[in-house]
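Presented below is the structure to which this report refers.
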Amino acid sequence: MSIATNIKTIQSQLPASVQLIAVSKFKPESDLMEAYEAGQRRFGENHAQEMTAKHEHLPKEIEWHFIGHLQTNKIKYIIPFVHCIHSIDSAKLLAEVNKQALKHQRKVNCLIQFHIATEESKFGFSWEEAVEMLQSPEFATWENVEICGVMGIATNTDDTSLIRKEFRQLKHFFDQLKTEYFPTNGHFKEISMGMTGDYPIAVEEGSTMVRIGSAIFGARNYGNAQ
Ligand SMILES: *Cc1c(COP(=O)(O)O)cnc(C)c1O
């Protein structure tokens with residue numbers, strides 16, 4: 001299947017309210033251009049330098065979504081152009097994003113990443129940690145970040161009932177945060193969940209953004225990276 005066909009097929013399964021983020025990490029710019037020519041404008045990457053290089057070379061209408069663990073010393077590369085950072089996994093990182101965004105006189109969209117999987121290796125806040133950050137006096141002073149919602153990665157498993165439970169948990173966190181901290185904030189509306197293996201479940205459970213790589217571009221060749 002061609003990249004264009006894959007995008008069309010996936011789009012036809014998504015409700016209009018769900019955004020498709022094409023996860024293009026490790027893929028050559030020619031693949032991204034194929035997707036672009038098929039109408040795709042939102043791309044997800046998980047390495048700062050790789051995203052920065054692609055941003056420099058590819059059309060400027062592209063919206064760049066950062067979806068991987070972001071080291072604070074890499075923020076500066078992406079801050080001038082990134083559309084949304086899905087993977088805010090600590091208060092320290094958000095503070096640093098705010099600081100860099102201020103330098104560039106930008107307000108940067110961010111999602112709070114929750115740890116919803118059973119695997120220990122996945123990054124993200126617990127509910128308590130998120131509340132602690134949102135209630136901290138510093139949080140109120142971070143004017144250069146816009147909290148637009150939440151993100152999560154489900155356990156990598158064939159157990160669909162576990163995946164569904166985890167997505168439901170994330171939706172519940174979103175609803176709670178909306179009620180308690182963002183009731184009048186129209187920006188707080190995104191739930192980034194669902195990948196190639198589990199996006200139909202994520203959509204059923206209320207996803208507003210699916211991050212899909214392999215089903216669009218084919219399997220990735222990681223070498224020894226991840
Ligand atoms: C790689 C990645 C994806 C896409 O994974 P696929 O299974 O190829 O769709 C989605 N989200 C995150 C955070 C990723 O790192």
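None of the values given here were measured: they were computed from a predicted structure. Both ligands and their constituent atoms are indexed starting at 1 by order of listing. Numbers here are sequence positions counted from 1. Just so you know, these numbers use all the heavy atoms, side chains as well, and skip hydrogens, waters and symmetry mates.
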Taking 4.0 angstrom as the limit and counting only heavy atoms of [X], give me the atoms of ligand 1 inside it, by number and element.
X: Arg211; result: 4 (C), 9 (O), 10 (C), 11 (N), 12 (C), 13 (C)
X: Ile153; result: 13 (C)
X: Ser214; result: 6 (P), 7 (O), 8 (O), 9 (O)
X: Thr196; result: 6 (P), 7 (O), 8 (O), 9 (O)
X: Ile212; result: 9 (O)
X: Gly213; result: 4 (C), 6 (P), 8 (O), 9 (O)

Task: Any Glu34 side-chain heavy atom under 4.5 Å of Phe217 side chain - done: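 Sidechains of Phe217 and Glu34: no contact.
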
Open item on the list: Any nitrogen or oxygen of Met195, side chain or backbone, less than 3.5 Å from one on ligand 1?
Closed with: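 No; the residue has no nitrogen or oxygen that sits under 3.5 Å from a nitrogen or oxygen of the ligand.
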
TODO: Decide whether an N or O pair under 3.5 Å exists between Asn46 and ligand 1.
DONE: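 No; the residue has no nitrogen or oxygen that sits under 3.5 Å from a nitrogen or oxygen of the ligand.
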
- [ ] Look at the rings of Trp127 and Phe114 and say which category their plane angle falls in: under 30° parallel, 30 to 60° tilted, over 60° perpendicular.
- [x]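 Trp127 and Phe114: parallel rings.
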
Task: Exam field: side chain Thr155 to backbone Thr157, donor-acceptor pair closer than 3.5 Å - done: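 Side chain of Thr155 to backbone of Thr157: no pair is present.
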
Open item on the list: Donor-acceptor pair, distance only, cut-off 3.5 Å: does the side chain of Glu204 make one with the backbone of Gly206?
Closed with: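 No, because the side chain of Glu204 does not come within donor-acceptor range (under 3.5 Å) of the backbone of Gly206.
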
Task: Hydrophobic cluster identity match, Met1 and Ile7, side-chain contacts under 4.5 Å - done: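 In one cluster: no.
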
TODO: Run the contact test for His86 against ligand 1 with a 4.0 Å cut-off on heavy atoms, strictly below, and give the result.
DONE: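 It does not; every heavy atom stays at 4.0 Å or beyond.
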
- [ ] Output all residues satisfying ring pair (Phe, Tyr, Trp, His ring centres under 6.0 Å) with Phe167, sequence neighbours left out; order by chain, then residue number.
- [x]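 Listed in chain order: nothing, the list is empty.
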
Mind listing the side-chain donor-acceptor pairs of residues 91-102 below 3.5 Å, one per line with the distance, residues two or more places apart or on another chain?
residue	atom	partner	partner atom	Å
Asn98	OD1	Glu143	N	3.3
Asn98	OD1	Asn144	N	2.7

